[in-house]
Amino acid sequence: MVRRVRPTLVIMAKVPVLGRVKTRLGRDIGGVAAARFYRAAVHALVRRLGADARWQTVLAVSPDAQSLSGALPHLAARHPQGTGDLGGRMQRVMTTMAPGPVVIIGTDIPAIQPDDIASAFRQLGRRDAVFGPAPDGGYWLVGYKRVPRVPCAFGHVRWSTQYALADTLANLQRERCAITQLRTLEDVDDLASYAKAKSWFGRRVLPTEVASGAEPWWHGDGIRGLLSNAL
């Protein structure tokens with residue numbers, strides 16, 4: 001009897017500590033608001049993807065010492081990300097997960113749907129690697145078939161620049177990997193992308209004022225009200 005290998009979805013997440021998550025967004029809406037958004041986004045993403053029986057879901061947490069933090073969802077298995085830059089941590093995920101295809105995503109792409117993950121795993125039935133490109137030159141998803149080997153594509157990548165995807169693709173091409181791409185999705189890193197998120201999340205992630213198009217909630221008394229519930 002042949003045992004079916006179940007693919008693995010890995011969500012890279014940080015513990016939502018004020019001043020350590022979504023710092024760029026925090027410059028636009030304030031650190032408390034950014035941390036609150038990040039925490040809500042993580043929980044919404046795990047609810048949407050974590051219970052899908054087509055794959056097993058793992059939450060890869062940073063920092064390692066807080067991998068069991070109660071601020072993160074309890075619907076997924078947890079593993080520490082380990083040390084190193086983003087590339088080193090993703091490579092560690094790719095080499096240490098259980099047998100089968102592995103897809104890695106971040107936590108701040110509101111439009112990700114279960115069909116996107118299912119499509120990525122389908123593509124890995126025919127290709128060695130799959131990517132979800134982002135408009136800024138990065139990527140919101142990377143997946144490896146991991147058979148017959150795990151590629152090493154995350155070295156010398158210019159992270160957080162317009163070259164991140166191009167650098168990673170160039171590394172894979174040197175390893176003669178067959179590559180495909182999914183649809184382009186945008187992450188939430190600034191005020192403009194934050195405002196767009198209301199069309200995907202509404203009140204489940206964004207406060208009522210933002211979801212309804214009223215005055216931004218981080219203006220005036222809104223932010224003072226949040227301070228009493230700061231993370």
Side-chain angles (χ1 to χ4, degrees), residues 9-52 57-82 86 89-90 93 103-114 116-117 132 134 138 140-141 160 185-212 214-231:
L9 171 66
V10 178
I11 302 174
M12 303 283 279
K14 293 181 180 179
V15 176
V17 175
L18 182 64
R20 295 186 180 179
V21 295
K22 306 309 297 178
T23 53
R24 180 181 166 194
L25 178 62
R27 290 194 289 270
D28 289 336
I29 69 173
V32 172
R36 185 182 176 96
F37 168 78
Y38 182 84
R39 179 172 179 168
V42 173
H43 281 262
L45 184 68
V46 171
R47 281 197 304 270
R48 192 160 64 253
L49 303 178
D52 199 303
T57 301
V58 173
L59 205 60
V61 180
S62 176
D64 293 1
Q66 298 182 49
S67 60
L68 299 180
S69 170
L72 292 171
H74 296 287
L75 299 180
R78 299 190 188 189
H79 290 276
Q81 290 186 16
L86 177 60
R89 287 179 278 129
M90 290 200 296
V93 165
V103 161
I104 299 174
I105 61 172
T107 53
D108 54 359
I109 314 291
I112 297 178
Q113 298 296 329
D116 293 307
I117 306 305
W140 57 270
L141 177 149
S160 301
L185 295 178
E186 183 177 8
D187 62 355
V188 177
D189 264 340
D190 55 23
L191 182 57
S193 55
Y194 181 80
K196 292 178 186 177
K198 64 184 179 183
S199 66
W200 295 306
F201 277 138
R203 297 180 183 183
R204 286 187 297 173
V205 166
L206 300 181
T208 303
E209 293 84 353
V210 175
S212 64
E215 180 181 2
W217 65 291
W218 56 87
H219 290 176
D221 293 336
I223 190 66
R224 286 192 288 274
L226 277 177
L227 289 175
S228 62
N229 296 315
L231 297 172

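Worth knowing before you read on, the calculation uses all heavy atoms, side chains too, and leaves out hydrogens, waters and symmetry mates.
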>> Tell me which one of L45, D116, V10 satisfies side chain to side chain contact (heavy atoms under 4.5 Å, CB included) with I105.
In response: L45
> Under 3.5 Å, side chain of Q81 to main-chain N/O of A60, donor-acceptor pair present?
Replying inline: yes
> Is the shortest heavy-atom distance from the side chain of L86 to the side chain of M12 under 4.5 Å?
Replying inline: yes
> Which residues satisfy the side chain to side chain donor-acceptor pair (under 3.5 Å) test with D189, sequence neighbours excluded?
Replying inline: K22
>> One pair to check against side-chain contact (heavy atoms from CB on, under 4.5 Å): V32 and L18. What are the steps and the verdict?
In response: CA-CA 6 Å; V32 172; L18 182 64; 3.9 Å; yes
> Is the closest side-chain heavy-atom distance between T57 and D52 below 4.5 Å?
Replying inline: no
> Is a side-chain donor or acceptor of R78 paired with a backbone partner of L72 at a separation under 3.5 angstrom?
Replying inline: yes
> Considering only heavy atoms from C-beta outward, does the side chain of V58 approach that of I11 to under 4.5 Å?
Replying inline: no
> Under 3.5 Å, is there a donor-acceptor pair between the side chain of S193 and the main chain of D190?
Replying inline: yes
> Can you tell if the side chain of P16 reaches within under 4.5 Å of the side chain of V42, non-hydrogen atoms only?
Replying inline: no
> Of D108, L25, D28, which is the lone residue that meets side chain to side chain contact (heavy atoms under 4.5 Å, CB included) with Y194?
Replying inline: L25
> side-chain contact (heavy atoms from CB on, under 4.5 Å) between K196 and E186: does it pass, once the steps are laid out?
Replying inline: CA-CA 10 Å; K196 292 178 186 177; E186 183 177 8; 3.3 Å; yes
>> Evaluate L141 against I117 for side-chain contact (heavy atoms from CB on, under 4.5 Å), listing each step before the verdict.
In response: CA-CA 9 Å; L141 177 149; I117 306 305; 4.0 Å; yes
> Rounded to the nearest 0.5 Å, how far apart are CZ of R39 and OG of S69?
Replying inline: 7.5 Å
> Which pair of non-hydrogen atoms, one from P110 and one from V188, has the smallest distance, and what is that distance?
Replying inline: CG-CG2, 3.3 Å
>> Less than 4.5 Å apart, side chain to side chain, heavy atoms only: is that true for W140 and I112?
In response: yes
> Heavy atoms, side chains only, cut-off 4.5 Å: are S62 and V15 in contact?
Replying inline: no
> To the nearest 0.5 Å, what is the distance between CG (D64) and CZ (R89)?
Replying inline: 9.5 Å
> Do the side chains of T107 and Y38 get nearer than 4.5 Å, heavy atoms only?
Replying inline: yes
> Do Q113 and L49 touch side chain to side chain, with heavy atoms closer than 4.5 Å?
Replying inline: no
